[in-house]
Amino acid sequence: MTRFFERGTVMAEIERQMTMVPNFAPRGHGSAVLCRYRPAAADVDCRNCLEHRRRGCRSLTCLYLSERLEAGVVTLEELMTEIIRPWRHLPLRQRAIGLACREGGFHFDGQLHIMRMAEMTRGEAQLVNSRWLAAVYLLSAHASLWQKTFGAVGPGRIDFAGVRLGDTGIQDYVLYRAAKGICSGMLGATSEELADPELVGDDTLLLILCAAVTARYGPEVMRIGRDRIC
């Protein structure tokens with residue numbers, strides 16, 4: 001049964017008008033307004049925040065990291081600290097914070113790593129899934145690992161089932177597990193493993209931390225301290 005009794009008859013329009021709220025203008029089709037506002041550094045100054053007091057911010061975590069990242073005024077240490085903060089494994093937290101404090105900009109394992117990432121994201125760096133981007137960042141860090149996984153990587157997808165690592169080094173294996181885990185929303189290694197410097201080197205853990213930040217905050221993270229990958 002329809003809402004209107006006179007639907008399909010000459011009285012349909014009169015019935016529709018009679019069911020309208022008195023003295024209320026009917027809603028039109030309207031129009032969509034696209035917001036193209038991009039925050040500037042002055043717009044996200046911490047001194048303008050409600051959490052800011054005379055001696056600084058009183059909040060345990062910044063509520064506007066995404067806006068500050070878009071404005072280009074957030075540091076990699078702040079983003080990493082936000083990632084690390086919920087971790088309960090104290091040795092891992094301490095080690096990760098130490099690495100975050102020493103890094104000024106987004107970390108790449110040499111110029112070849114940058115070139116491999118630039119080639120994979122050329123023309124679509126702003127459109128790819130953040131987890132995919134973070135996983136590719138890890139897989140392309142070392143030439144030896146990239147040679148074994150390159151064929152499984154496509155636009156927006158990674159066929160981990162088709163990868164055959166064979167005889168590979170420990171650091172490459174850790175990066176592979178981390179890449180696979182990040183695609184499913186995890187780190188891909190236990191806290192005990194990541195906290196062990198003999199098993200996971202500092203450079204490897206730093207790569208994993210940068211990948212975790214990328215997975216959460218997107219491609220803009222890679223601009224921190226360096227030019228945009230394009």
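- Formation of a donor-acceptor pair under 3.5 Å by the Arg131 side chain with backbone atoms of Ala215 is not found in this model.
- The heavy-atom pair separating Ser140 from Met117 by the smallest distance is OG-SD, 3.4 Å.
- The distance from the CG atom of Leu138 to the CG atom of Asp109 is 11.0 Å, given to the nearest 0.5 Å.
- Here the CD1-CD1 distance, from Ile208 to Ile83, works out to 13.0 Å after rounding to the nearest 0.5 Å.
- Within the 4.5 Å cutoff, the side chain of Trp146 has no heavy atoms near those of the His113 side chain.
- Atom CG of Leu194 sits about 8.5 Å away from atom CG of Leu209, to the nearest 0.5 Å.
- Residues Cys210 and Met80 have side chains in contact (heavy-atom distance under 4.5 Å, counting atoms from C-beta outward).
- Side-chain contact between Lys148 and Arg164 is absent, with no heavy-atom pair separated by less than 4.5 Å.
- Of all heavy-atom pairs between Ala152 and Arg157, the closest is O-NH1, 3.7 Å.
- Connection of Phe150 to Phe160 is established within a shared hydrophobic cluster, with ILVMFWY side chains joined at heavy-atom distances below 4.5 Å, either directly or through further cluster members.
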Query raised in the report: Step by step, would you call Thr81 with Ile97 a side chain to side chain contact (heavy atoms under 4.5 Å, CB included)?
Result: CA-CA 7 Å; Thr81 301; Ile97 289 175; 5.5 Å; no
Requested in this report: Evaluate side chain to side chain contact (heavy atoms under 4.5 Å, CB included) for Val163 paired with Tyr176, printing each intermediate quantity in order.
Outcome: CA-CA 10 Å; Val163 175; Tyr176 174 79; 3.8 Å; yes
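- No side-chain heavy atom of Thr214 sits under 4.5 Å from any side-chain heavy atom of Ser130.
- From Arg95, atom CZ reaches atom CG of Asp196 across 7.5 Å, with rounding to the nearest 0.5 Å.
- Under the 4.5 Å side-chain criterion, counting only non-hydrogen atoms from C-beta, Tyr137 is not in contact with Leu133.
- Distance check: Leu139 CG to Leu207 CG gives 11.5 Å after rounding to the nearest 0.5 Å.
- Looking at Ile158 and Cys183, their side chains come closer than 4.5 Å, going by heavy atoms from C-beta outward.
- Within the 3.5 Å criterion, the main-chain N or O of Leu199 finds no donor-acceptor partner in the side chain of Glu193.
- Counting only distance, with no hydrogens or angles, the side chain of Thr204 and the backbone of Val200 share no donor-acceptor pair below 3.5 Å.
- Nearest heavy-atom pair, Met120 versus Trp132, reported as atom, atom and distance to 0.1 Å: O-CH2, 4.0 Å.
- One finds the CG atom of Leu79 at 5.5 Å from the OH atom of Tyr217 (value rounded to the nearest 0.5 Å).
- Trp87 places no side-chain N or O within 3.5 Å of a backbone atom of Arg93 that could act as its donor or acceptor partner.
- Side-chain contact between Met115 and Phe108: absent, with no pair of heavy atoms (C-beta onward) separated by less than 4.5 Å.
- Two residues are said to be in side-chain contact when any heavy atoms from C-beta on lie closer than 4.5 Å; Leu165 and Leu145 meet this criterion.
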